[in-house]
Amino acid sequence: MTRRPLNVRNLHWGRLRGSNNEGMVALLIGLLAIVVGLSTPSFWSGSTLLNVATNSLVNVVFAMGVLLIMIAGGIDVSFLAIGIFAGYSVIAFTNATGIGASDAVIGFALAAVVGLGLGAINALAVAGLRIPTLIATLGTLAIFRGALLGFVGAQMITTYPPGLSDLSTTYLFTAHGAMETRLSVLIIPSVLICVFVSLLLRYTLIGRGIFAIGGDTESAYRVGFPVFRIKVLVYLIAGLLAGIAGMIHVLQVRMAVPQELVGGELDVIAAVVLGGASVFGGKGSVSGTVLGVILIALIKSSLILLGVPGSWQRAAVGALLLVSVSAQALSGPRRFGRATLAGEPAP
Amino acid sequence: MSQVLRRRMRRMLADPSLVRLAALAALAFVVFALLSPAFFSVINFQSMGFQVAEVGLLSLAVMLSMLTGGIDLSIVSIAAVASVVAAKLFTAVDAASMTGVGALAATAAFIVVGMLAGVACGVLNGTLITRLRISPILATLGTMQLLNGVAVILTGGRAIYGFPSQFLTIGNGHLAGVPVPLLILLAGATLTTVFVNRTGVGLSIKLVGANPIAARYSGLNNDRVLMLTYVASAILASSAGIIIAARSASANADYGASYVLLAIVIVVLGGVNPLGGYGTVTGVVLAAFTLQMVSSGFNQIGLTAFHYLVAQGVILITVIGIDTLSGRFYISRWIASMSPRRSRGRCDPGEGQHQATSQPSGGGPTEPGSERQQQGGGRT
């Protein structure tokens, strides 16, 4: 985290901006809300809030895993494949064996274990075999997706065991309006995970170690951080979070479709980068990432509200990523060195 | 002339990674020929020849950007943009109903325009990477999405039909039994090889990838080299897009999304070092043929596309994993014993040329550190 010098000027604007420019993202969200709200007054309702929350709650958990890896200096593209693998296989398993049919917690635990296992494969490839992260996770993406569709199953599952389907139809709030919008209770695990990751990054030595490794691996090693162990832990935790996120997803949509999710990596990565995380590592925050996810969800629903055809959404997200990364690159210090695959061979 | 050829052959045979790759290709050929009788047939070879060109050209595009130490993930989107632009022009003049010289002229002209659209995308990539200093991964990830979106907007979400038959022969025609796409691939490979090995700019691509700091101090203009790299990569990707459109007789914004991974697997298998500086066109082409044989072979044995996907991932990880592991035990220990301190970049770009395998040198210099890490992270 960058600490700004304490003087009068910075006391006012510096704190608002946030150490990772989270303030800018919040400002963007505010501006976007105003622009859309002016053209579509129905924007200003509880329904919109709940819609955005519903659309973000899965992505924010995925984003937490990506954030951890990005702070450590890597890039992960296999998280969605881990998520859908975990979600689908747990549903299939529960349907087949009846374990966890009555208690959703067991289902989540199973998904976490699956995610942990797949994350271990990532850790092996990146920390063990020292493969550059993008290529390693591209490879594991192929393996996980191919294994899921080829060996576990390619059919969608629509009947859930009672314990899980009850959970997916429990709602927290309801907003009345033109259309009744409900907020699923699944937002609770999402929020808890965000809090957990935030505490991990801020108050534990492991969190400091993750920042240190991302900042400069060699220096972190010399200061005494167990670099290899932390790298492995980062990929394990990211896998676990991805597994839980996948479980939340299949519960939220009430259909387990194994072809889903994969392909939307950029939305999550863009959100994390928007939120201030640097792809070179060493920078990032949970609040920025959450704001980034909200911004992307808001943009997507705004485009719909503004009447922009759906085919523009992809271009819009891509353009937004490029603009935000350019802004980041132009404002930050010049990273002297190569235009390489995330700079370092590992993690 | 034969002197030169003989010298080149000898140099290739002396390169262990190429020999290993050729052996792998031969092995794949034999295995699949044995497993499936239909494999060893002219029809199968022709069909493989038709299919290998698309991903082969895309792999060459990735190779160029990987030689500089970066990566171009947007190749499939560039291919889509090129094909969609050409398709829209064809349908605009209703070229499908044209005949004779007019159709030929239209075909040639619109192909050129499509490729120019691809070049524009390459310029976009290059600008983002050189001017705005965005890391190539993020830049090309962003342009991949953006250009895909642009292609979707241009097509309105549907596939565009309506190509003249002259255009379709590019993707479906023969020339003395050899598929035209295969000829285009070989031509493209030859051009790329000449570009990379015989021109000053091409050589500087490898230099910038091997050690950008030394390249800068040697007087090379890194930015210009990078820009040219991404433009050349876009040209190759656009030609792949044209072939895809010609073969499937339609332009689709989403075709070939799985080609990015396949191209990277081919490039890595072909011996290109992902950290830059080392790679051969021969290796990439050989690897493309090998993976095409695997794909056809899997198909004929009865394995599905998903098994092929797993195979790609496994190949990718094992190839780099083996390189890293074997590198760790030979070259890196030797380097570590010689140089007391490591720098951020690679110490010795020459190593990349002589090594038997494409070894990420990051595994080398940090070797002593990581060995100690294995013992529990405590400093001695």
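Quick caveat: nothing in here was measured; it's all calculated off a predicted structure. All chains are named by letter (A, B, ...) in the order of the sequence lines, taking the proteins before the strands, and each is independently numbered beginning at 1. Below, all heavy atoms of this structure are taken into account, side chains as well, without hydrogens, waters or symmetry copies.
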Proximal component of [X], with respect to chain B [non-hydrogen, under 4.5 Å]:
X	value
A:Ala136	backbone
A:Ile143	both
A:Leu320	neither
A:Phe144	neither
A:Val273	side chain

Residue [X] versus chain A: region with a heavy atom under 4.5 Å:
X	value
B:Ile264	side chain
B:Ser258	neither
B:Asp223	neither
B:Leu73	side chain
B:Leu141	both
B:Leu316	side chain

Of B:Gly157, B:Gly321, B:Ala305, the largest count of non-hydrogen pairs under 4.5 angstrom with chain A goes to B:Gly321
Heavy-atom pairs under 4.5 Å with chain A: which of B:Leu261, B:Leu147, B:Val260 has the most? B:Leu261
For A:Tyr88, give me all partners under ring pair (Phe, Tyr, Trp, His ring centres under 6.0 Å), at least two apart in sequence or on another chain. none
Classify the ring geometry of B:Phe298 against B:Tyr308: parallel below 30°, tilted from 30° to 60°, perpendicular beyond 60°. perpendicular
